[in-house]
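So that the names make sense, note that chain A is the first sequence line, chain B the second, and so on, each numbered from 1. Treat the numbers as computed from the prediction; the structure is a model and nothing was measured.
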Amino acid sequence: MEKPTLPKGTRDFGPATMAKRQFIFDNIRKVFQAYGFQPLETPAMENLSTLTGKYGEEGDQLLFKILNSGDFLKDVDNQKLEARNSKLVTPAISEKGLRYDLTVPFARYVVMNRHEIGFPFKRYQIQPVWRADRPQKGRYREFYQCDADVVGTNSLLCEAEIILMIKEVFGRIGINDYTIKINHRGVLNGIADVIGATGNETPMFVAIDKLDKIGEEKVKEELRTKDFTEKSLTSLFEILNVKGSNRNKLAFLFSKFEGTRSGQKGLHDLEEVFELLESYGTDDNHVEFDIALARGLSYYTGCIFEVKINNVSIGSVSGGGRYDNLTQAFGDKENLSGVGFSFGVDRIYDAMEELGLFPKDAQISSKVLLCHFDEASLRYGLSVLSKLRAAGIASEIYPDQAKLKKQLDFANKKMIPYTIVIGSDEMNSGVLPFKNMGTGEQEKLEIEKIIERIRSQA
RNA sequence: GUGGAUGUAGCUCAGUUGGUUAGAGCAUCAGAUUGUGAUUCUGAGGGUCGCGGGUUCGAGUCCCGUCUUUCACCCCA
């Protein structure tokens, strides 16, 4: 008999892990709802036609494809089969795939349900996504995203509120040392214009995004192989090396971007986002205008975000941005603008674990375990159990006849904080030994008193 | 997709230039203790050394393949 294993890059989550994960999920959900977002769920699988072409060529390769049902090879063209080229055969044998993110299924949903959606439409979605990637630290093949998107408005309030929500979620779960990086596609295009790299943007974006990781020299090296001139590299780094406050960077770039329309647009957007934050009564703490931030899916057109937790070896834990043309990909005639972002719970979990930020009492368990000596005391215990549960106190009774030691060990293992041992004395008197497993103290009380005691501590 | 590391008890890991019956801690179970655990003591169970092949008188140890996990690159939450 072979030992069972899990598919590469997937994990089980036991009770201890789930308690911590739910702590994160609960807080994200509360914040999303507090900002007026409504829940949405979409199927794990989508038609491949909805998924392909939305994430670039790399993304298409990372899609998990689902084999058609039935005798899926029967009608496949012989020539295609003999060519032994999977790209030719795939469309014939697979028409469904697992979702790669939540944004594209959301756009599909919006296009399909336009008649009943009121705009601007704000939805949140917390579901797993799948990527056929090679797993490594902080990277899984199945992981959860928590998306909040607004579609149908160009207002930069949305961008500002994204920053507010990130701050609020991190505040709630106890992460204090983090950076929200913000940039704008227009700024990136502006840079390309100014240094004379128009039409050659993509290699530039890919290279400068790695700046803080590999350094200036390596970025230059990479760009030289892409035929960037020394002159363009000099003016590029004149821009990228601007230091100082967000305001200073904006002012510097305004002077640089006088001739570029998209650059000016980007700067004005960013400026307004910072001003809005002030009107909300907050500041740009944790927020950094990062001119080199170029990461993000190909469909972003406006502001782009990325959040990093400082001093951990985990990549970004959240990202997002504005996309103007997403619904057009599904044949939408109108130009619906959307903006959204996503928390990566699995990475947030890894980071919090690394930093030791989880509260100790995150375990989900019963408050009370009832112990007993025989059939009669077990029966008596059931009535006590019902009273505890009716009072809203999570509780359970040891289901088998067992030595008291075993029953108390069980309580310890499950981190149940209180026990009540029931025997013939207790059945006669109705006075029960209420024991605190942490301190070892025990008090003889009637059940009503015990309930009061537990409630007063919760 | 490219390159490196890894795999020994349920868990974390020892295991010498290849040499007899593969060890420890933790965990589990039983007892010391007929109604009070988490600290103590005693004992017990638990392994096709990832899988397949090869070299050798002999392989946990060396070689090849394969799978797993993991790290980096590409890309990304």
Quiz item: Which is true for A/Q61 with a 4.0 Å heavy-atom rule: it touches a base, it touches only sugar-phosphate, or it touches nothing?
Solution: nothing
Quiz item: Closest to the A/K8 side chain: B/U69, B/C74, B/A38?
Solution: B/U69
Practice problem: Whole angstrom is fine here: how far is it from NZ in A/K137 over to P in B/U69? | Solution: 17 Å
Quiz prompt | C1' gap between B/A22 and B/G4, integer Å | solution = 30 Å
Practice problem: Mind calculating the distance between CG (A/L63) and P (B/C75) to the nearest angstrom? | Solution: 18 Å
Practice problem: Looking at every strand, decide which applies to A/V206 at a 4.0 Å heavy-atom threshold: base, sugar-phosphate, or nothing. | Solution: sugar-phosphate
Quiz item: A/K406 and A/D409: salt bridge (Lys or Arg N to Asp or Glu O under 4.0 Å), yes or no, with the steps?
Solution: CA-CA 5 Å; A/K406 196 169 177 185; A/D409 276 338; over 6 Å; no
Exercise. Keeping the roles fixed (side chain from A/D346, backbone from A/Y144), state whether a donor-acceptor pair exists under 3.5 Å.
Key: yes
Exercise. Could you give the distance separating B/G46 and B/U2 at their P atoms, to the nearest angstrom?
Key: 44 Å
Quiz item: Using the P atom in both, what is the distance from B/A72 to B/G53, to the nearest Å?
Solution: 35 Å
Quiz item: Starting at CZ of A/R141 and ending at C1' of B/U70, how long is that distance when rounded to a whole Å?
Solution: 14 Å
Self-check item: Assigned partner base of B/A30, Watson-Crick or wobble definition, under 3.5 Å
Solution: B/U42
Quiz item: If you look at every strand shown and take non-hydrogen atoms under 4.0 Å, does A/S316 touch a base, only sugar-phosphate, or nothing?
Solution: sugar-phosphate
Quiz prompt | No-H, no-angle donor-acceptor pair, A/Q407 side chain to B/U36 base, under 3.5 Å | solution = no
Exercise. Consider the side chain of A/K413, meaning its heavy atoms from C-beta on, and name the nucleotide among B/A77, B/A72, B/A27 that approaches it most closely.
Key: B/A27
Quiz item: With a distance cut-off below 6.0 Å to the six-membered ring centre and an angular limit of 45° from the axis, does A/K220 pair with A/F237 as a cation-pi contact?
Solution: yes
Practice problem: Give one of base, sugar-phosphate or nothing for A/Q145, where a contact means two heavy atoms less than 4.0 Å apart. | Solution: sugar-phosphate
Practice problem: Measure the distance from CD on A/E441 to C1' on B/G37 and round it to the nearest whole Å. | Solution: 15 Å
Self-check item: Centroid under 5.5 Å and tilt under 30°, A/F143 to B/A77
Solution: yes
Self-check item: Quiz item: A/R134 side-chain donor-acceptor pair to B/C73 base, under 3.5 Å
Solution: no
Quiz item: Counting only side-chain N and O atoms of A/K403, is one of them less than 4.0 Å from OP1 or OP2 of B/G37?
Solution: no
Quiz prompt | Nearest-angstrom distance, P atom, B/U8 to B/U55 | solution = 27 Å
Practice problem: Determine the contact category for A/Y144: base if any of its heavy atoms lies under 4.0 Å from a base atom, sugar-phosphate if only primed atoms, P, OP1 or OP2 are that close, otherwise nothing. | Solution: nothing
Quiz item: Is atom CD of A/E375 surrounded by more than 12 heavy atoms (other residues, nucleotides or ligands) closer than 6.0 Å?
Solution: yes
Quiz item: Of the nucleotides B/A77, B/A38, B/G31, which has the atom closest to the A/R347 side chain?
Solution: B/A77
Quiz prompt | Nearest to side-chain heavy atoms of A/D133, which nucleotide of B/C75, B/G35, B/C73 | solution = B/C75
Quiz item: What nucleic acid atoms does A/K210 come within less than 4.0 Å of, heavy atoms only: base, sugar-phosphate, or nothing?
Solution: sugar-phosphate
Exercise. Sticking with atom C1', work out how far B/C73 lies from B/C29, rounded to a whole angstrom.
Key: 49 Å
Quiz item: Does the ring centre of A/F341 sit less than 6.0 Å away from the ring centre of A/F305?
Solution: no
Quiz item: When A/S337 is tested against each of A/N325, A/T153, A/N154, A/T301 for side chain to side chain donor-acceptor pair (under 3.5 Å), which residue passes?
Solution: A/N154
Quiz prompt | Sugar-phosphate, base or nothing in reach of A/G440, heavy atoms under 4.0 Å | solution = base
Exercise. Can you label the angle between the A/Y323 ring and the A/Y300 ring as parallel, tilted or perpendicular, going by 30° and 60°?
Key: tilted
Exercise. Mind running a 4.0 Å heavy-atom check of residues 420-439 of chain A against RNA chain B and sending the residues that fall below it, in number order?
Key: A/V421, A/G423, A/S424, A/D425, A/E426, A/P433, A/K435, A/M437, A/G438
Exercise. Please state the P separation for the pair B/A9 and B/G18 - nearest whole angstrom.
Key: 23 Å
Quiz item: Want to settle it: does A/G344 or A/K405 sit nearer the 5' end of RNA chain B, counting the closest nucleotide to each?
Solution: A/K405
Exercise. Verify whether the ring centers belonging to A/F289 and A/F274 lie closer than 6.0 Å.
Key: no
Quiz item: What integer distance in Å separates A/F205:CZ from B/C76:P?
Solution: 13 Å
Quiz prompt | Nearest-Å distance once atom C1' is located in both B/U12 and B/C76 | solution = 32 Å
Quiz item: Any N or O donor-acceptor pair linking the side chain of A/R139 to the base of B/A77 at under 3.5 Å?
Solution: no
Self-check item: Rounded interatomic separation in angstrom, taking CD1 from A/I208 and C1' from B/C75
Solution: 16 Å
Quiz item: When you measure from the side chain of A/N412, which nucleotide among B/G37, B/A72, B/U36 comes out closest?
Solution: B/G37
Practice problem: Report the distance from atom CD1 of A/I416 to atom P of B/G37, rounded to the nearest whole Å. | Solution: 17 Å
Practice problem: Hunt down the Watson-Crick or G-U wobble partner of B/U69, both distances under 3.5 Å, from any strand shown, or write none. | Solution: B/A5
Quiz prompt | Base-pairing mate for B/G19 - Watson-Crick or G-U, with both contacts under 3.5 Å | solution = B/C57
Quiz item: Could you state the interatomic distance from CD (A/E443) to CZ (A/R453), rounded to the nearest 0.5 Å?
Solution: 4.5 Å
Exercise. Pick base, sugar-phosphate or nothing for A/G315, based on heavy-atom distances below 4.0 Å to the nucleic acid.
Key: nothing
Quiz item: To the nearest angstrom, how far is A/D101 atom CG from B/C75 atom P?
Solution: 18 Å
Quiz item: Taking atom P in both B/G10 and B/C75, what distance in whole Å separates the two?
Solution: 42 Å
Quiz item: How would you list, by chain and number, every residue that makes a salt bridge (charged side-chain N to carboxylate O under 4.0 Å, His left out) with A/R108, sequence neighbours excluded?
Solution: A/E46
Quiz item: Does B/A72 have OP1 or OP2 sitting under 4.0 Å from an N or O in the side chain of A/Q136?
Solution: yes
Exercise. For this output row, return yes or no: ring centroids of A/Y100 and A/F64 closer than 6.0 angstrom.
Key: no
